[in-house]
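From a predicted model like this one, the values you see are computed outputs, not experimental measurements. As a basis for the values below, the full set of heavy atoms in this structure was taken, side chains included, without hydrogen atoms, waters or symmetry mates. A, B, ... follow the sequence lines: proteins, then strands. Residue 1 opens every chain.
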Amino acid sequence: MPMEYAQNDKVLPYRIIKETKGRDLVGMEYQQLLPWIKPLESAFRVIAGDFVTTDDGTGIVHIAPTFGADDDKVAKQSGIPPLILIDKEGKRQPMVDRTGKFYTMDVLDNDFVEKHINKELYSQFEGKYVKNAFNSKLTEKDMSLDVEIALALKLEGKAFKIEKHTHNYPHCWRTDKPILYYPMDSWFIRTTAIKDRMIELNKTINWKPESTGTGRFGNWLENLVDWNLSRSRYWGTPLPIWRTEDGKEEICISSVAMLSKEIDKSIEKGFMKENKYASKDYLDFDLHRPYIDDVVLASPKGEKMMRETDLIDVWFDSGAMPYAQVHYPFSCSEEELKKTFPADFIAEGVDQTRGWFFTLHAISTLVFDSVAFKNVVSNGLVLDKNGNKMSKRLGNGVNPFDVIEKYGADATRWYMISNSQPWENLKFDIEGVDEVRRKLFGTLYNTYSFFALYANIDSFAYNEKEIPYKERPEIDRWILSELNSLIKSIDESYNEYEPTRAARAISSFVDECLSNWYVRLCRRRFWKGEYTEDKISAYQTLYTCLETLSQLMSPIAPFFAERLFLDLNNISSLRKDKDNKPIESVHYTDFPTSNDSLIDKGLEERMFLAQKVSSMVLSLRKKNNLRVRQPLQKILIPAPNQEFISQIEKVEQLILSEVNVKTIEFLSPENNVLVKKAKANFKTLGPKFGSKMKAIANSLDGLSQERIADIEKEGKIILDINNEEIELLLSDVEIVTQDIPGWVVQNDGNITIALDTTITESLLKEAIARELVNRIQNIRKDQLFEVTDFIRVEIEYNALLEEVIQEYSEYIKGETLTKELSLRRVGVSAIIGQQRFEPILKVDIIEGIELAINISKV
RNA sequence: AGUCUCGUAGCUCAGUUGGUUAGAGCACUACACUGAUAAUGUAGGGGUCGGCGGUUCAAGUCCGCCUGAGACUACCA
């Protein structure tokens with residue numbers, strides 16, 4: 001590049017003469033760039049600082065110790081003086097005054113101006129605002145001081161390159177104007193003196209999540225600095241400190257009573273005329289600044305003491321909450337205070353690290369050498385459904401009142417608590433609230449309605465004595481076992497401040513255990529037959545489940561829980577208060593405790609098996625187009641051992657009725673009908689054989705039926721892996737049934753089932769009987785008959801149907817509350833002729849057979 | 001910049017001390033069920049577990065780097 005340069009050239013020519021490390025430049029001196037003001041001592045020297053990046057430029061930057069904490073710190077370390085002006089009062093000032101403009105020379109000390117200011121240069125800049133926003137006469141369009149200075153440097157040939165930078169300098173939240181940092185005098189609390197104790201005490205606090213306590217808050221304590229307590233504001237809580245003008249005498253006021261006493265002294269000295277603070281009525285005086293500033297006190301030496309005008313950081317008020325709320329130490333003794341202090345539990349946003357969490361902890365450590373809270377949940381933010389912060393500006397905010405209005409407080413709260421743990425950010429999606437309403441509350445409401453429907457019919461009010469647990473059927477014992485397991489886990493979850501886990505456990509119990517298994521399987525017990533022990537057992541069991549659920553969910557869904565509980569209890573009066581009246585609220589009841597003697601893990605396991613087997617059979621039916629109303633003869637299950645057989649046998653009836661099959665048969669392991677497959681058990685083989693794993697797994701994959709049978713018989717097998725004999729035990733191998741030739745088969749994990757799909761004539765007839773029941777039930781429902789109404793049924797004659805009815809007449813009548821069931825050997829037209837056949841219904845009984853049917857109340 | 005959290009199906013989330021086909025619910029599609037019916041069952045599609053590299057016989061899981069989102073603190077020369 002040519003080194004010629006004309007004044008108006010855009011690019012300054014340059015030449016690289018040497019490359020060097022920044023540290024080699026330290027100590028170099030340079031000429032002052034803007035020599036308006038001469039510093040009090042030599043200042044223009046390169047120093048080292050660790051807070052400057054080399055992302056842009058050379059890594060050499062100017063510092064301004066009077067306007068930045070980091071700059072001030074590094075300057076002090078290296079002995080660089082700040083650029084200081086001396087005003088007419090002799091006070092040291094930064095270059096910019098409190099209105100945001102350069103000091104004018106006329107307010108500065110004459111001697112200082114003469115000795116330190118280059119009047120010719122500075123006169124062009126004195127009085128200028130450093131930001132246009134500070135000057136009401138300027139707009140953003142006017143040239144800013146930054147640009148003015150840059151141009152001046154350019155003209156002097158001192159600027160190598162000028163770029164526009166947008167700073168994210170802090171701005172005033174109200175006026176949006178840029179903010180300048182100033183060094184200010186402040187009052188501090190020397191929290192560094194109790195730093196170690198604060199760290200120690202913090203370790204005893206249960207933080208949710210733990211990482212906030214150890215990480216964010218813990219680190220913050222490790223790097224603790226003194227607490228800057230004072231703020232310069234117009235109105236607020238005053239620092240209770242009065243000082244003499246020379247600062248040599250000072251007093252800290254600890255109560256209104258003390259203040260009043262001191263004012264009296266001051267009146268004696270003639271500093272004050274009256275004492276408003278002698279009144280017992282707080283409405284007679286105001287403790288806040290600026291009113292309190294009128295108070296002048298007298299020092300022991302008899303001098304005037306004025307109040308320090310600074311206020312106390314409002315965070316102090318938050319941190320003082322535990323004492324302030326009970327007005328300790330004035331209206332509350334220490335003993336009384338200790339009833340509520342330290343707090344068992346607090347919750348606030350995770351952004352409160354330096355705010356509430358810190359000030360609570362600092363003050364309690366200082367005052368009582370204690371924690372202020374034993375448990376804390378630092379909750380995350382509620383974001384919009386796309387994970388963006390909600391803001392008015394973006395219009396992505398959700399109005400909580402609208403949501404509560406539409407879905408209710410319970411559904412909203414349940415959604416928020418169950419969806420993600422409180423300390424994680426929540427992506428709030430209104431669809432999710434609706435899902436909770438349908439899934440949990442809808443299901444639970446349905447379950448309750450089902451219970452209430454039949455309980456009312458039978459006038460069940462929990463008046464009978466409790467049916468002993470052992471006399472209740474297996475299914476009742478099962479749901480009670482699950483219920484007590486649930487109580488246990490819920491209690492643990494709440495205790496550990498894991499409400500999300502609790503909510504999810506309740507939700508899955510309601511859906512999977514109670515609604516979709518217990519109630520589904522027990523439906524008949526509620527509506528069929530007389531008011532027997534079995535029926536009472538069913539009512540009592542379901543009642544207990546519903547009542548317990550209302551208690552378990554009450555912390556998260558207080559309103560729904562309350563309604564559910566009261567609807568139950570107002571009828572049964574099972575829970576009474578001490579006056580022997582029905583207790584008024586679920587929230588007054590004791591939280592349930594689990595009865596471990598009712599928990600039967602074996603029972604829970606075999607019920608799980610029953611569900612799994614049923615599901616597999618239904619799947620097989622589906623694949624083979626066999627509707628559930630078609631009874632089938634047999635399920636075949638290969639059983640690995642006797643224990644498996646006895647587990648299944650105990651739930652056999654449940655499975656059979658659920659899937660509408662007549663019998664279950666077991667195949668013993670020795671049976672050679674089964675086609676089996678061996679798989680490697682990586683967990684046991686891994687540690688033993690390491691790198692040979694792959695070869696072993698492959699070898700097991702291709703094992704013949706005979707060799708698999710050998711392992712089962714011998715308990716071990718020797719494999720040849722790359723000419724090496726390797727012995728495996730039965731436990732190293734998983735053997736599963738793959739197929740049963742000639743049957744339709746379903747595999748799931750280590751369970752295999754097969755289904756006999758043969759439909760005999762007798763099974764077909766039974767199917768038709770069931771279809772008939774189904775059609776009659778539908779018609780009953782269509783015609784809005786009550787579930788208790790008895791009916792008369794007439795069906796158009798059909799030969800096949802006649803046989804079915806002969807055989808299943810009692811069954812059909814029982815299922816449908818039919819008093820008379822008859823076939824009429826008449827044509828449709830003839831039926832129409834009869835008055836009673838209105839309206840006419842033609843119904844598909846089985847495929848291809850459509851018959852007229854008529855149903856009427858008896 | 002430092003500290004911390006999070007990133008798994010279209011969406012919301014599980015995922016044990018690393019163990020071989022990564023799950024659930026919702027949504028979608030199809031079929032069934034129908035005296036709980038704004039419910040239910042079965043089946044189906046849908047995943048390079050944010051990316052790259054490493055440790056290991058084996059990584060969603062452990063380690064390093066990067067990246068995206070968020071919070072706090074400092075700074076923004």
Side-chain angles (χ1 to χ4, degrees), chain A residues 49-53 55-57 59-64 68-71 165 167-170 209 211-212 214-220 222-223 349-355 378 380-381 383 385-389 415 418-421 423-427 429 431-432 434-439 442-443 445-451 453-454 500 504 507-508 511-512 515-516 519-520 523-524 526-528 614-616 618-623 625 627-629 679-697 774 777-778 780-781 785-788 815-817:
Chain A
D50 61 3
F51 56 88
V52 177
T53 66
D55 295 350
D56 259 336
I60 302 181
V61 300
H62 280 86
I63 59 168
D70 258 11
D71 290 1
H165 260 291
H167 278 196
N168 51 349
Y169 210 70
S211 60
T212 300
T214 55
R216 183 183 294 193
F217 195 69
N219 290 339
W220 156 238
E222 298 284 348
N223 298 315
V350 69
D351 54 343
Q352 291 301 327
T353 311
R354 294 202 93 150
S378 63
L381 276 76
L383 308 170
K385 64 176 180 179
N386 300 317
N388 299 313
K389 280 180 86 166
Y415 164 72
S418 66
N419 189 63
S420 65
Q421 284 163 314
W423 42 91
E424 287 192 33
N425 289 348
L426 172 70
K427 288 185 199 160
D429 187 357
E431 305 273 326
D434 193 50
E435 187 180 323
V436 162
R437 185 187 58 75
R438 285 202 320 269
K439 191 84 188 150
T443 307
Y445 177 76
N446 272 336
T447 306
Y448 170 75
S449 313
F450 172 84
F451 169 83
L453 174 67
Y454 296 110
T500 305
R504 288 180 185 172
S507 185
S508 79
D511 191 46
E512 283 156 36
S515 170
N516 287 331
V519 171
R520 196 148 61 88
R523 281 196 319 232
R524 302 175 63 82
F526 290 90
W527 60 265
K528 192 119 181 15
S614 301
S615 163
M616 290 165 77
L618 291 173
S619 176
L620 278 175
R621 277 184 170 277
K622 164 76 191 162
K623 278 181 192 150
N625 261 330
R627 51 178 52 182
V628 181
R629 277 196 294 267
K679 281 166 73 180
N681 180 351
F682 285 81
K683 216 164 181 171
T684 62
L685 287 172
K688 276 194 257 180
F689 299 108
S691 59
K692 292 169 201 148
M693 285 297 302
K694 247 181 202 146
I696 295 173
N774 166 254
Q777 300 284 39
N778 284 349
R780 280 185 67 115
K781 221 174 138 189
F785 290 0
E786 294 297 321
V787 295
T788 48
E815 291 294 308
T816 55
L817 297 187

Does a side-chain N or O of [X] approach OP1 or OP2 of [N] to a distance below 4.0 Å, or not?
X	N	value
A/Arg438	B/rC26	no
A/Ser615	B/rU42	yes
A/Asn774	B/rC33	no
A/Arg523	B/rC33	no

Have a look at [X] and say if it touches a base, only the backbone sugar-phosphate, or nothing, with a 4.0 Å heavy-atom cut-off.
X	result
A/Arg504	sugar-phosphate
A/Ser420	sugar-phosphate
A/Tyr454	sugar-phosphate

Q. Is any N or O donor-acceptor pair between the side chain of A/Thr443 and the base of B/rA36 shorter than 3.5 Å?
A.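 A donor-acceptor contact between them is absent.
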
Between the protein and nucleotides 28-30 of chain B, list every N/O to N/O distance that falls short of 3.5 Å.
none

Q. What is the ring orientation for A/Tyr448 with A/Phe451, classed by angle as parallel under 30°, tilted 30 to 60°, or perpendicular over 60°?
A.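 Correct class here is tilted.
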
Q) So what's the dot-bracket for RNA chain B: Watson-Crick or G-U pairs under 3.5 Å, [ ] if a pair crosses, | if it pairs off-strand? A) (((((((..((((.....[...)))).(((((.......))))).....(((((..]....))))))))))))....

Q. Which whole number of Å gives the distance between the P atom of B/rC49 and that of B/rC57?
A. 23 Å

Q) Say you pick atom C1' in B/rC11 and the same atom in B/rA27; how far apart are they, in whole Å? A)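 Those two atoms are separated by 8 Å.
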
Q: For A/Arg504, enumerate each residue passing the salt bridge (charged side-chain N to carboxylate O under 4.0 Å, His left out) test, keeping only those at least two apart in sequence or located in another chain.
A: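 A/Arg504 satisfies salt bridge (charged side-chain N to carboxylate O under 4.0 Å, His left out) with no other residue.
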
Q: State which residues pass salt bridge (charged side-chain N to carboxylate O under 4.0 Å, His left out) with A/Arg523; sequence neighbours excluded, sorted by chain then number.
A: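 A/Arg523 satisfies salt bridge (charged side-chain N to carboxylate O under 4.0 Å, His left out) with no other residue.
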
Q | By side-chain hydrogen bond (donor to acceptor under 3.5 Å, both in side chains) - contacts of A/Thr816 (at least two apart) | A | A/Thr818

Quick test: give all pairs of protein nitrogen or oxygen and nucleotides 22-25 of chain B nitrogen or oxygen below 3.5 Å, distance rounded to 0.1 Å.
unit_1 : atom_1 : unit_2   : atom_2 : d
B/rG25 : O3'    : A/Lys439 : NZ     : 3.4
B/rG25 : O2'    : A/Glu435 : OE2    : 3.3

